[in-house]
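This report refers to the structure that appears directly beneath it.
Order of the sequence lines fixes the chain letters, A, B, ..., with proteins taken first and strands second; residue numbering starts at 1 for each chain.
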Protein chains: 4
Amino acid sequence: MKTVLEKPNSRKSQMEKRKLILLDTAISKFAEGGFAKTTVKDIAASAGISSGLMYHYFPSKEKLLEAAIEKHIFLPQMRRILTDTKKPCREVLINIAVRFYDLLEQEKNSIRILLQEGHSNTKVKKVWDSLSSEGSAILQQFLSSRIATGELKTHNTEVTARCLFSIIFMFNFTKDIFKSSSLNDNQFIEQSIDSILNGIQSNK
Amino acid sequence: MKTVLEKPNSRKSQMEKRKLILLDTAISKFAEGGFAKTTVKDIAASAGISSGLMYHYFPSKEKLLEAAIEKHIFLPQMRRILTDTKKPCREVLINIAVRFYDLLEQEKNSIRILLQEGHSNTKVKKVWDSLSSEGSAILQQFLSSRIATGELKTHNTEVTARCLFSIIFMFNFTKDIFKSSSLNDNQFIEQSIDSILNGIQSNK
Amino acid sequence: MKTVLEKPNSRKSQMEKRKLILLDTAISKFAEGGFAKTTVKDIAASAGISSGLMYHYFPSKEKLLEAAIEKHIFLPQMRRILTDTKKPCREVLINIAVRFYDLLEQEKNSIRILLQEGHSNTKVKKVWDSLSSEGSAILQQFLSSRIATGELKTHNTEVTARCLFSIIFMFNFTKDIFKSSSLNDNQFIEQSIDSILNGIQSNK
Amino acid sequence: MKTVLEKPNSRKSQMEKRKLILLDTAISKFAEGGFAKTTVKDIAASAGISSGLMYHYFPSKEKLLEAAIEKHIFLPQMRRILTDTKKPCREVLINIAVRFYDLLEQEKNSIRILLQEGHSNTKVKKVWDSLSSEGSAILQQFLSSRIATGELKTHNTEVTARCLFSIIFMFNFTKDIFKSSSLNDNQFIEQSIDSILNGIQSNK
DNA sequence: TATGAATGAGCATTCATTCAT
DNA sequence: CATGAATGAATGCTCATTCAT
């Protein structure tokens with residue numbers, strides 16, 4: 001009975017499983033060597049399948065890239081980042097920043113592809129655009145709410161949002177360049193937020 | 001006679017000229033289509049020479065990329081950005097930011113290559129690293145000097161420097177994504193600097 | 001009960017039915033795109049079955065071609081063409097010609113395959129050979145009988161038979177090339193027969 | 001001196017030579033195994049060059065086929081066939097037929113390709129069409145001239161021309177099928193012509 | 001120097017065939 | 001029987017690199 005009931009599933013489920021593996025493998029392989037230099041054979045081998053099988057799941061190497069990027073689009077996670085709005089502004093911003101940083105860290109490969117292939121591939125570019133816009137939008141929304149509560153000065157939230165997004169994004173992206181820093185990651189994030197919040201100019 | 005005497009010179013100068021043309025062509029072609037997708041033939045044709053001749057100047061396509069990136073390394077320009085230290089801090093910072101932004105704009109192609117090939121090519125990565133570090137270092141140096149004059153609070157200049165660098169860099173990099181902004185480029189830069197200088201938190 | 005009893009029958013009949021469908025589909029698909037360019041998947045899909053199932057009926061794509069050609073061999077029909085031997089020679093010849101022409105028209109796909117694959121596939125070649133020979137033989141036989149009756153001059157019937165066969169075959173094969181002709185198909189056939197019967201030379 | 005003068009030629013001439021070899025090799029290989037089954041590698045190897053070099057001369061396998069067919073188009077030769085119009089009709093027709101037959105024999109490979117690929121490739125079809133039309137036209141023209149002189153009866157020359165063309169063409173095409181014939185090639189041709197000229201019907 | 005013909009390894013993709021389900 | 005997932009050899013084509021001229 002069990003087998004009979006499960007049989008129809010097992011093939012499909014293996015296909016689904018393999019598709020996911022393929023998507024993940026593709027992300028990491030493309031990130032590793034770039035889209036053009038990565039061969040279908042290499043991806044397939046790393047995914048544990050034959051090269052021909054890839055074409056059962058995706059019509060081309062390019063579509064595989066697009067599917068992979070779309071699977072690893074982390075918009076939902078990004079939207080989820082902004083939740084507890086009751087805490088003080090600084091705390092919330094740091095929390096957002098840290099979680100955004102972690103997300104970037106986790107999706108490092110996707111980020112790399114976004115940056116590398118965004119100019120050649122329209123769909124990839126769209127994903128990158130939507131991530132940037134959305135990231136900035138989430139922050140703007142939060143900043144506006146805190147202007148309303150009087151916690152923040154009236155200011156151009158778009159500017160601040162993009163600044164914050166840029167700082168966290170670039171911090172993540174360049175952190176192996178600046179490894180000699182005296183601060184750890186969280187300290188850096190906190191101090192960056194404080195810069196934006198308090199400024200660096202003395203009250204002369 | 002004349003020709004005999006001039007040949008070595010004219011040859012040399014032609015060689016140098018061609019090398020430079022090749023380097024510039026390479027930068028723009030690589031930026032356009034990515035390193036792997038760009039063919040030697042295409043670069044050579046755009047540079048007005050035969051594909052074989054490239055190999056007289058550079059031992060391989062990869063070395064051409066490296067030479068091209070090294071030629072377009074804009075460290076000297078970046079160093080020149082920080083000159084007039086007599087003006088008020090805000091003015092200087094804005095001036096630095098605007099000039100840095102212009103430099104990025106001008107070297108758009110190099111930037112793109114830096115980002116795209118930085119992970120595959122060691123030399124390219126080094127250039128990217130040195131640019132980031134130096135960019136941040138220049139700013140740090142300036143910030144320190146203004147802490148010394150009392151114009152700025154005592155704070156971690158490394159953090160601020162990286163923040164400023166990130167903001168300008170990302171602003172340049174993502175500006176076609178956020179075209180609907182109500183501010184023009186210079187206004188955005190100014191307000192970003194002001195955020196960092198004055199903060200956004202209200203003095204409750 | 002019913003189903004149990006009928007299954008063996010219905011299966012067999014379904015098998016036979018499918019085999020026939022497969023054969024017909026194969027003929028038209030192969031004729032359309034050539035043997036090499038036509039895929040098993042395409043044939044199977046057009047026949048309404050899975051690609052794997054083809055291999056239950058035929059051991060390979062090549063054998064399918066051979067079987068298809070053998071099924072569509074129209075020798076029996078060709079033999080049936082020559083029946084009413086009582087009518088006058090001209091009438092009979094025209095009748096033969098028209099019916100042969102119709103047969104060629106009807107088996108257009110087979111003809112095309114015969115011509116296209118006859119050189120690569122031994123069995124296909126054999127079919128083509130047997131059709132030509134038989135076609136010619138049927139005509140020879142008829143011509144001889146009419147020489148015996150005195151209706152025709154004594155002459156080399158092999159030559160005439162092949163001429164007649166060639167004329168009708170090529171007429172059918174090239175008829176879309178010569179569409180601008182002032183004659184319709186039947187008129188052309190009649191006049192061709194008359195050429196052979198009466199000649200074109202004047203009785204100077 | 002000689003070498004200096006010839007050097008510029010030698011490269012070009014080798015290219016031209018190779019192009020021609022390629023074209024001839026292609027014709028015979030495509031005729032042998034059909035277009036789809038013949039590999040570029042095979043053609044190149046038979047032509048004594050590397051597979052990649054083919055793409056210096058022709059942009060694709062398909063274009064090679066077309067170029068090959070166009071090179072082997074024998075329209076000029078066909079036109080040259082009809083020259084001596086002073087001799088008696090029968091003599092001229094036999095001469096035309098024999099020479100046409102020889103031409104077909106010589107261009108056997110082209111014919112085969114014309115027949116095999118005429119349905120898949122537009123350019124090939126055009127060549128086939130033009131050959132048939134022209135072949136028939138040449139004959140029509142001659143027949144008309146001999147009707148004018150009174151040597152031939154007034155009749156539809158289009159029909160006769162196509163009949164003659166068909167007979168010779170098919171005779172050449174099917175001659176290995178009918179090898180057991182009691183007649184040799186020339187005898188067959190002569191008797192075919194006589195059938196058309198004199199008819200086979202007895203003057204009852 | 002300068003050219004571009006020539007090479008051949010390498011790649012994306014296809015497809016006949018097999019076989020687990 | 002029937003399916004279609006899976007395989008992998010084979011193919012057209014590209015392109016960095018070499019080298020004769």
Could you state the CD1-C1' distance from B:I43 to F:dC15, rounded to the nearest angstrom?
-> 12 Å
Tell me, which of residues 27-34 of chain D have any heavy atom that sits under 4.0 Å from an atom in DNA chain E?
-> none
Phosphate OP1/OP2 of F:dT21 contacted by D:Q14 side-chain N/O (<4.0 Å) | no
Identified side-chain hydrogen bond (donor to acceptor under 3.5 Å, both in side chains) partner of C:N121 from the options C:Q116, C:K126, C:E62 = C:E62
Whole-Å gap separating C1' (E:dT18) and CZ (C:F58) = 19 Å
Options F:dA2, F:dA5, E:dA6, nucleotide nearest the side-chain atoms of C:Y57 | F:dA2
Whole angstrom value for the distance that separates P of F:dA5 from CG of A:L53 = 9 Å
Base-pair string, DNA chain E, Watson-Crick plus G-U, cut-off 3.5 Å on both distances, | for inter-strand, is .||||||||||||||||||||
Phosphate OP1/OP2 of E:dT1: any B:R18 side-chain N/O under 4.0 Å = no
Nearest-angstrom distance from the residue atom CG of D:L22 to P of E:dT7 | 11 Å
Worked check of side-chain hydrogen bond (donor to acceptor under 3.5 Å, both in side chains) between C:H72 and C:D24 | CA-CA 8 Å; C:H72 284 260; C:D24 290 345; 2.8 Å; yes
Hey, is the main chain of A:F35 close enough, under 3.5 Å, to the side chain of A:K61 for a donor-acceptor pair?
-> yes
Can you tabulate the close N/O pairs, meaning under 3.5 Å, that link protein atoms to atoms of nucleotides 11-14 of chain F?
{"residue": "F:dG12", "atom": "OP1", "partner": "D:T38", "partner atom": "O", "Å": "3.2"}
{"residue": "F:dG12", "atom": "OP1", "partner": "D:K61", "partner atom": "NZ", "Å": "2.8"}
{"residue": "F:dG12", "atom": "OP2", "partner": "D:V40", "partner atom": "N", "Å": "3.1"}
{"residue": "F:dC13", "atom": "OP2", "partner": "D:Y55", "partner atom": "OH", "Å": "2.7"}
{"residue": "F:dC13", "atom": "OP2", "partner": "D:K61", "partner atom": "N", "Å": "3.0"}
{"residue": "F:dC13", "atom": "O5'", "partner": "D:Y55", "partner atom": "OH", "Å": "3.3"}

Nearest-Å distance for atom pair NZ/C1', residues C:K19 and F:dA2 | 16 Å
Is any NZ, NE, NH1 or NH2 atom of the basic residue among C:E16 and C:K19 found under 4.0 Å from an Asp or Glu carboxylate oxygen of the other?
-> no
Steps toward side chain to side chain contact (heavy atoms under 4.5 Å, CB included) verdict (A:Y55, A:V40) | CA-CA 10 Å; A:Y55 291 88; A:V40 169; 3.9 Å; yes
Backbone N or O of C:T25 within a donor-acceptor pair of the C:S46 side chain at under 3.5 Å?
-> no
So do A:I73 and A:S130 actually touch side chain to side chain, heavy atoms under 4.5 Å?
-> yes
Roughly how many Å is it from CG in D:D42 to P in F:dA10, rounded to a whole number?
-> 14 Å
What distance do C:T122 atom OG1 and C:D129 atom CG have between them, rounded to the nearest 0.5 Å?
-> 10.5 Å
Give a yes or no on whether the backbone of A:K123 and the side-chain of A:E66 come within a donor-acceptor separation of less than 3.5 Å.
-> no
If we only count heavy atoms from C-beta on, is the D:L65 to D:I27 side-chain gap below 4.5 Å?
-> no
Residue C:I49, side-chain heavy atoms: nucleotide from E:dT7, F:dT3, F:dA5 that is nearest = F:dT3
Would you say B:T38's side chain and B:K29's backbone share a donor-acceptor pair under 3.5 angstrom?
-> yes
Can you find an N or O donor on one side and an acceptor on the other, under 3.5 Å apart, linking the side chain of A:H56 with the base of F:dA5?
-> no
